[in-house]
Protein chains: 2
Amino acid sequence: MITERKKQVLEAVIKDYVKTAEPVGSRTVARHYMPEYSSATIRNEMSDLEEMGYLTQPHVSSGRVPNVHAYRLYVDHLINDGLINPIKDTGTEKALIARLQQMEDVVCTIAQSLSDMCRYTVAVMLPRQKNLRINSLQLMPIAPARALLVVLTDAGIIRDAVVQVSSELTADDLYGISRAMSERFSGRTLSEVQGLLQGIAIHAELEPRVMQGVGELARQMEKQASADQLRVFGSQNILFHPEFSDVEKARGFLSAVEEKQNLLKLMSRGVKQGICAYIGHENGIMELEDCSVVIASYEMGNNHRGSVAIIGPTRMPYQELLTTLSSTASILSGMLKNSLGA
Amino acid sequence: MITERKKQVLEAVIKDYVKTAEPVGSRTVARHYMPEYSSATIRNEMSDLEEMGYLTQPHVSSGRVPNVHAYRLYVDHLINDGLINPIKDTGTEKALIARLQQMEDVVCTIAQSLSDMCRYTVAVMLPRQKNLRINSLQLMPIAPARALLVVLTDAGIIRDAVVQVSSELTADDLYGISRAMSERFSGRTLSEVQGLLQGIAIHAELEPRVMQGVGELARQMEKQASADQLRVFGSQNILFHPEFSDVEKARGFLSAVEEKQNLLKLMSRGVKQGICAYIGHENGIMELEDCSVVIASYEMGNNHRGSVAIIGPTRMPYQELLTTLSSTASILSGMLKNSLGA
DNA sequence: GTTAGCACTCGAAAGGCGAGAGTGCTAACA
DNA sequence: TGTTAGCACTCTCGCCTTTCGAGTGCTAAC
C-alpha cells in the first residue's frame, strides 16, 4: 500500500522535476518540500517508490525521475479529488463575441490565445455536423455576369462562392431567385438539397448555373462538415522545452502534430470524458511517446461536442494545465451557446 | 580582375557547399567539378578567391566556405544573365480558381503550397489597399432580430458581420434597406461612408442599428486594408536545415519571423524590384543575419503590388529558388487578374 | 602555367582523470 | 520500530590530452 507520506514524497518529486527538468535527489526533497524529515528517510521512501514502479533512476546514483505511473496517479488524484476548478472569466468573452460569428472562428481564436498564454501546443477538434440544415440562401451581384452566393445553416455556418449567372439578370432578379431558393431549400439538409437538384423539374424555372453553384457549394459544405476537423496552434512552442533541444525530436513532434489523423482519433476519444489526460505512450502515437496530451471537451449547443487539447512533454504542470484547459472549455461552451443558439 | 576560371571555381564551391553544408576542399572541386585541372591548381585559385574576399576558411587548413560576397556575385549573375525563367504552369491555377474568391485566400493558399513544396519558410505581403470603394451591400436574415451584413468592394474583398435589427423587419424589408444602402454607398470609399454616417440626416429613414453596423464594418475593413499585411507559412521548415540544429538559433529565427514588423519593411522594399535577394546581414534583421531572403513581387490589378519571399539559411539553392519564386509570383499575378478583375 | 610532393595546422573523436552529486547500507539513537 | 548520521561506492559531467585525417601552403619540377 502507498502511504500518505509516500504520496507526499511523490508529489514533491513531480513538482520539482516539472520545475527543473533535472532528476530529483532525496536531499532536495527533504530540504525544499519536507523539512520535518531527513534526507535519509526520504531516501528510503524514494527507494520504496522506485520498487513500486513510480520512480526511475536514469542511472544508479542520480536523483529520481517520475514515471508514467507517477503522473497517472497524480493526475487521477487531481481530477477525482476536485482540484480542478474552472475559472469562469467573462472578459474575453465580451471582447470576442462581437467580432466572431462563425463557430470555427470562435474556436480557433480561443485556441490560438490559449497556446500563446501557456506556451504549449494546442489542438482543437471541430466536431462533424450531421444533417446540417439550410436556413437561407442569398445571391448578390458582384460583376456583370457574376454573383456571390451566400448560404446560412442552422449551426451558424456561413459559406459563400462566386457563381456565374446570365448577364441580363438585375439585382432584383437575383433577389427573386434567392427568395425562391430559400423557400424551396430552407429547412432541408444539405444532402436533401443535393438530391432535389438531381430532379430536372426545378432546373427549368430557375437559373441552371445558379443551381449548379448551389449544388457544388452544398457538396463542399457537406464534405467539410461531415468529417471531424482538427486545427493545431503554437506548435513551435515545443522548442521552449528542454526535452526537445534535440532537433530530431522537435521535428518528430512537429510532423506528428501536422499529420492530423492520429491526433484526431485520440481527441475523438477524449470527447467522451469531460476532461482527461493521456500520459506518455498512453496516447498511442509513436512520435509522441514522450509527450502527454491533456484533453477537455466543449459543448456546442445542438448536442455536438468538440474537444480541445494541450500537447507537451510528459513533464508538464498538470494541475495548472488541467485548470486552464477546463476553464477554456467552459468559456468556449458558453460562447458558442450565446453566439449561435437563440 | 576575376577570370572565367575563377568564376567556375566559385560556382563549384557554392554548389557543393549548398549541397553538403561542409567546407569544400580543393580536391573535391577538382574531382567533381573540374577534372581537367589538378587539386593544386584549384588550390591556388581558391587561395586567390579568398584574398579577393569571396571565400573564407572557418580555420586554417579546412576547406573553404562561400561568403556573402560570393553569393552576391552568383545571384547577380543569375538574375542579370537571364538564368531565371519562370515556368508558367496552368494546372494549379485552374484547380484553385474555382474555390477562391478573396484575394487573401488566393495569396495564402499559394504561399502555403510553395512552402510545402520547397521546404523553406515563405512570407507574403498583402499590400495595403488605398481608397477601397464599396461595390454593394446586402443584408440577409439569419435569426429573428439578426441579419448578416455582407460588403463587397471593388478589389473583390468580401467581409461580413452580424448586425442587430429590429425584430419586425421581414426579409423583403431587409432587401429594401440593402438596395437603399447600395444606392447611397456604392462607388464611395470606405472613409467617405464613415463620413456620411456621421450626418444624422441619413439615420432617420434607415435602421440606425444597421447603419452602426455598416460604420463599424467599414472602419474594420479600412483598418485592415490600410496597412500592409504579412503572412508567414512553413516556419517549421527551418528545422530541416543543419545550420539551425541548435535550438537557440531555431527559436531566434522563429521569433524574428513571428515579429512581423521588420520583415514587412524588408518586403516593402522588395516590392520595388521585380525579383531580388537579400543575402546574410544585408536583410538588416539581427536575428536573421545568417539567413537570406529572396523576394519577388506580384501584381494585383489595380496598380497595387505585393511581394512573396522565401526565407532560409544563407546557404540556399538560389538558382532553384529564384526560379520557383518568380514562377510563383507570375502565377499569382495571373490568378489575381483573372479572378478579381473583369 | 600546371602539377607532384611534403611538411604543417587544426578540428573532431576517443580516452583518461578528478570533482561532485546522490545513492545504499550499516549502525546508532529515540 | 521508525528515524537519522556516516561512509563507501557509483556514475555523470566537464576538462585535458592524444591521435587521426582532411586540407592547406609552399617549393621544385615539368
Side-chain angles (χ1 to χ4, degrees), chain A residues 1-10 12-17 19-67 70 242-243 245-246, chain B residues 1-10 12-17 19-67 70 242-243 245-246:
Chain A
M1 251 325 288
I2 189 163
T3 65
E4 192 50 42
R5 193 172 68 185
K6 282 196 175 34
K7 280 190 191 167
Q8 276 177 45
V9 173
L10 195 57
V13 172
I14 290 178
K15 285 195 171 152
D16 202 83
Y17 183 64
K19 202 162 60 191
T20 64
E22 296 288 324
V24 185
S26 54
R27 213 177 111 87
T28 314
V29 173
R31 283 279 260 269
H32 297 335
Y33 299 88
M34 304 172 73
E36 65 272 28
Y37 296 104
S38 82
S39 70
T41 309
I42 305 296
R43 205 140 61 226
N44 290 328
E45 294 289 46
M46 286 171 75
S47 176
D48 292 353
L49 283 167
E50 181 169 7
E51 210 169 333
M52 296 165 78
Y54 291 114
L55 297 179
T56 9
Q57 277 180 302
H59 46 269
V60 65
S61 99
S62 76
R64 272 143 173 130
V65 164
N67 232 337
E243 26 278 271
S245 60
D246 180 10
Chain B
M1 251 324 288
I2 189 163
T3 65
E4 193 49 43
R5 194 172 69 184
K6 282 196 176 32
K7 280 191 191 167
Q8 276 177 47
V9 174
L10 195 56
V13 172
I14 291 178
K15 284 197 173 152
D16 202 82
Y17 184 63
K19 203 163 58 190
T20 64
E22 296 287 326
V24 185
S26 55
R27 213 178 110 87
T28 313
V29 173
R31 284 279 261 267
H32 297 334
Y33 298 88
M34 305 172 72
E36 65 273 28
Y37 296 104
S38 81
S39 69
T41 309
I42 305 296
R43 203 139 63 223
N44 291 327
E45 294 290 46
M46 286 171 75
S47 177
D48 292 352
L49 284 167
E50 180 169 8
E51 211 169 331
M52 297 165 77
Y54 292 114
L55 296 179
T56 8
Q57 277 180 302
H59 47 269
V60 64
S61 99
S62 75
R64 270 140 174 134
V65 164
N67 231 338
E243 26 276 273
S245 61
D246 180 11

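What you see is a predicted model; the values in this text were computed from it and never measured. By convention in this document, chain letters (A, B, ...) are assigned in the order of the sequence lines, proteins followed by strands, and residues within each chain are numbered from 1.
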Roughly how many Å is it from [atom1] in [X] to [atom2] in [N], rounded to a whole number?
X: A:His59; N: C:dT23; atom1: NE2; atom2: P; value: 10 Å
X: A:Arg43; N: D:dC7; atom1: CZ; atom2: C1'; value: 11 Å
X: B:Arg27; N: D:dT24; atom1: CZ; atom2: P; value: 11 Å
X: A:Met34; N: D:dG2; atom1: CE; atom2: C1'; value: 14 Å
X: B:Lys6; N: C:dG1; atom1: NZ; atom2: P; value: 10 Å

Just how far is it from atom [atom1] of [X] to atom [atom2] of [Y], taken to the nearest 0.5 Å?
X: B:Ser26; Y: B:Glu45; atom1: OG; atom2: CD; result: 11.5 Å
X: B:Arg5; Y: B:Leu49; atom1: CZ; atom2: CG; result: 10.5 Å
X: B:His32; Y: B:Arg27; atom1: NE2; atom2: CZ; result: 8.5 Å

[X] side-chain N/O to [N] phosphate OP1/OP2 under 4.0 Å:
X: B:Ser62; N: C:dG11; value: no
X: B:Arg5; N: C:dT2; value: yes
X: A:Thr41; N: D:dT3; value: no
X: B:Arg31; N: D:dG23; value: no

Nearest-nucleotide wise, let me know which of A:Gly63 and B:Val60 is further upstream toward the 5' end of DNA chain C. B:Val60

With DNA chain C as reference, determine whether A:Thr28 or B:Tyr37 sits nearer its 5' end, using the nearest nucleotide of each. B:Tyr37

What's A:Ser39 touching, base or sugar-phosphate or nothing? Going by heavy atoms closer than 4.0 Å. nothing

For B:Glu36, which contact category applies under a 4.0 Å heavy-atom criterion: base, sugar-phosphate, or nothing? sugar-phosphate

Checking contacts here: which listed nucleotide (C:dG24, D:dG25, C:dA4) is nearest the side-chain heavy atoms of B:Ser38? C:dA4

If you check the B:Gln57 side chain, which of D:dT24, C:dA4, C:dG24 turns out closest? D:dT24

For the backbone of A:Ser62 and the side chain of A:Gln57, can you confirm whether one donor and one acceptor N or O come within less than 3.5 Å of each other? yes

Is there a donor-acceptor pair closer than 3.5 Å between any side-chain N or O of B:Asp16 and the backbone N or O of B:Val29? no

Side chain to side chain contact (heavy atoms under 4.5 Å, CB included) partner of A:Leu55, the single match among A:Asn67, A:Val9, A:Val13: A:Val13

Considering every strand shown, what is the Watson-Crick or G-U wobble mate of D:dA28 when both distances are under 3.5 Å? C:dT3

Searching all strands shown, indicate the nucleotide that pairs with C:dC17 (Watson-Crick or G-U wobble; both distances under 3.5 Å). D:dG14

Closest heavy-atom contact between B:Ala30 and B:Tyr37? CB-O, 3.8 Å

Would you indicate whether A:Lys7, at its atom NZ, is surrounded by more than 12 heavy atoms from other residues, nucleotides or ligands within a distance under 6.0 Å? no

Could one point to a donor on the side chain of B:Ser61 or the base of C:dT9 with an acceptor on the other under 3.5 Å away? yes

Close residues, residues 44-56 of chain A, relative to DNA chain D [heavy-atom separation under 4.0 Å]: A:Asn44

